[in-house]
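Data block below; observations after.
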Amino acid sequence: MAVTKTQAAAGKSAKLTRPVANGKHAKVSSGAISVPYQKMFIGGRFVDSVSGKSFETLNPATGEVICQVAEGDKADIDLAVKAARKAFESGPWSKMHGPDRARLLNKLADAIEANREELAKLESLDNGKPYADSFNIDIPLTVKCFRYFAGWADKVMGKTIPIEGDFLCYTRHEPIGVVGQIIPWNFPILMLAWKWGPALACGNTVVLKPAEQTPITALRIAKLAHEVGFPDGVINVVTGYGPTAGAALSSHMDVDKIGFTGETTTGKLIMTAAAQSNLKRVSLELGGKSPNIVFADADIDAAIEGAYFGLFFNQGQCCVAGSRLYVEESIYDEFVKKMTAKAKSRKVGDPFDAAFEQGPQVSQEQMDKVLGYIESGKKEGAKMLTGGNRVGSDGYFVEPTIFVDVKEDMKIAKEEIFGPVMSIMKFKSMDEIIERANKTMFGLAAAVWTKDVKKALRMSNSLKAGTVWVNCYDVFDAAAPFGGFKMSGIGREMGEYALQQYTEVKTVIVAM
Ligand code: NAI
Ligand code: MG
């Protein structure tokens with residue numbers, strides 16, 4: 001999801017330094033990784049589930065079981081919410097001032113940085129993403145996110161408002177209270193940071209439910225947070241499934257806010273649960289089908305790099321994946337030819353071997369889903385230029401795949417595939433492409449490639465999306481707000497806007 005600024009601004013894909021950690025060996029040993037914590041983290045302690053049940057988490061590169069993790073359900077969510085409530089109302093957290101919260105967030109950032117290698121290994125083991133990506137992208141962005149929000153912790157403030165009459169009127173931006181957070185498996189550590197950073201900076205306490213596919217790094221980071229001094233109950237992690245633990249959190253009567261990232265249909269369930277329980281505040285970061293538009297006057301090689309990274313990065317498992325790639329007619333043939341050659345050269349394999357740029361999909365379910373979309377593309381008459389198959393028989397690897405002759409009403413052009421499947425379509429004019437690009441229920445991101453500044457600005461004004469990239473793709477920064485128009489979500493994460501998701505505004509009026 002995130003090329004560094006300079007890489008992307010230069011229109012280059014992340015040509016990451018693949019040899020990692022000590023800069024020497026290209027192959028990192030995954031065999032020696034031990035998973036330190038497998039129980040839930042509630043009230044400052046690791047605990048078994050109330051039911052005593054646990055579930056398997058798998059290594060997607062092999063399909064083998066990594067370990068058993070405690071399976072939380074309603075009873076565990078109840079305990080976690082109680083711990084969070086206590087910490088919020090009467091624990092040390094309730095009396096802690098902004099600068100002290102900032103200090104803790106900075107210490108957590110330092111601890112994550114100090115344990116970068118271990119965390120990157122655990123992340124790649126559980127999720128399947130190349131170790132170099134975990135190490136060079138996910139962990140550094142996480143550290144930056146915590147440091148950024150540490151900076152806000154003592155700057156969350158209201159206004160003094162001149163009102164009519166002899167009154168003093170001011171606003172306070174107060175924490176909402178106990179915050180439930182449900183995150184997906186595509187960027188497990190980074191999504192945790194996007195959720196915890198602003199919530200904790202604003203003084204809330206949290207109950208996090210990580211995705212069932214990738215539960216282990218959240219437990220490791222909860223322990224780090226405890227070690228650096230976050231008081232008991234401020235941070236709780238309940239591992240478990242969506243329809244059980246997740247649903248219990250989103251329908252809980254004592255949870256004041258729910259923040260979610262994941263599929264749009266799940267977002268609807270969560271919003272419904274919030275509405276039917278206590279009208280808890282809701283913020284949602286949901287799916288996308290982002291248009292990536294290349295005009296004939298663009299720097300074609302830069303556009304190819306950007307579009308390639310914008311779709312294939314993270315095994316195509318990005319909410320912002322540029323999965324509707326539109327190329328202007330006059331350069332279409334050349335573009336398709338170059339892109340196909342590039343996709344064919346993409347190396348798929350062991351996430352711990354720096355020779356490979358692409359790892360497995362996160363699960364059998366996701367792999368099957370992606371292969372199903374590829375079948376549907378063929379059936380509906382799109383032309384497949386490369387890819388289309390599973391790679392090997394162990395693990396969940398899928399070949400980088402490119403379709404052309406894709407029509408707007410085909411499933412592969414409408415639905416979020418969440419895999420390494422690119423659809424390239426042709427367009428003729430700016431008016432036409434604005435209409436086509438916006439003809440979707442989603443509105444998460446979009447990109448435009450052109451050297452003409454007028455065109456770039458007209459496009460960015462016209463595209464209905466929460467983020468528009470011009471001559472770059474996947475540029476993320478903790479200071480830049482992120483979120484969706486339309487069915488891609490509600491609210492903005494990151495940047496100053498994230499503070500709104502985690503505060504209530506109180507108006508105080510004093511007669512003078
Ligand atoms: P999902 O949206 O079902 O799962 C995300 C999180 O929500 C997980 O922690 C899950 O346990 C939880 N969850 C599931 N059902 C829930 C419920 N009823 N109540 C509360 N929490 C619930 O996504 P899933 O099933 O892992 O993947 C399905 C598809 O969703 C993917 O193929 C992809 O298209 C899309 N997706 C989109 C993401 C994004 O960032 N936009 C991230 C992950 C998946
Ligand atoms: Mg689901």
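For ligands, and for the atoms within them, numbers begin at 1 and follow the listed sequence. As the structure is a computational prediction, the values presented were derived from the model and not from experiment.
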Run the numbers for me: atoms of ligand 1, each under 4.0 Å from some heavy atom of [X], listed by number.
X: Lys369; result: 29 (C), 31 (C), 32 (O), 33 (C), 34 (O)
X: Gln213; result: 26 (O)
X: Gly287; result: 41 (N)
X: Glu416; result: 33 (C), 34 (O), 35 (C), 37 (C), 41 (N)
X: Ile182; result: 6 (C), 7 (O), 9 (O), 12 (C), 20 (C), 21 (N)
X: Leu286; result: 41 (N)
X: Ile183; result: 6 (C), 8 (C), 9 (O)
X: Pro184; result: 42 (C), 43 (C)

Does a salt bridge link [X] with [Y], judged by any charged N lying under 4.0 Å from a carboxylate O?
X: Asp78; Y: Lys82; answer: no
X: Asp138; Y: Arg116; answer: no
X: Arg346; Y: Glu399; answer: no

Regarding [atom]: of the candidates [options], which has the closest heavy atom?
atom: atom 18 (N) of ligand 1; options: Ile258, Leu284, Thr272, Leu269; result: Leu269
atom: atom 40 (O) of ligand 1; options: Gly419, Cys319, Ser251, Ser363; result: Cys319
atom: atom 44 (C) of ligand 1; options: Phe418, Phe442, Phe260; result: Phe418

Stacked cation flag Lys464 on Phe485, 6.0 angstrom / 45 deg
no

At under 4.0 Å between heavy atoms, which part of Ile270 makes contact with ligand 1: side chain, backbone, both or neither?
side chain

Flag yes if more than 12 heavy atoms outside Met384 fall under 6.0 Å of its CE atom; otherwise flag no.
yes

Atom OH of Tyr497 with >12 non-hydrogen neighbours under 6.0 angstrom
no

Trp469 versus Asn292, side-chain donor and acceptor atoms under 3.5 Å
no

Are any of the N/O atoms in Trp185 less than 3.5 Å from those in ligand 1?
yes

Please report the interatomic distance CZ(Phe187) to OG1(Thr261), rounded to the nearest 0.5 Å.
11.5 Å

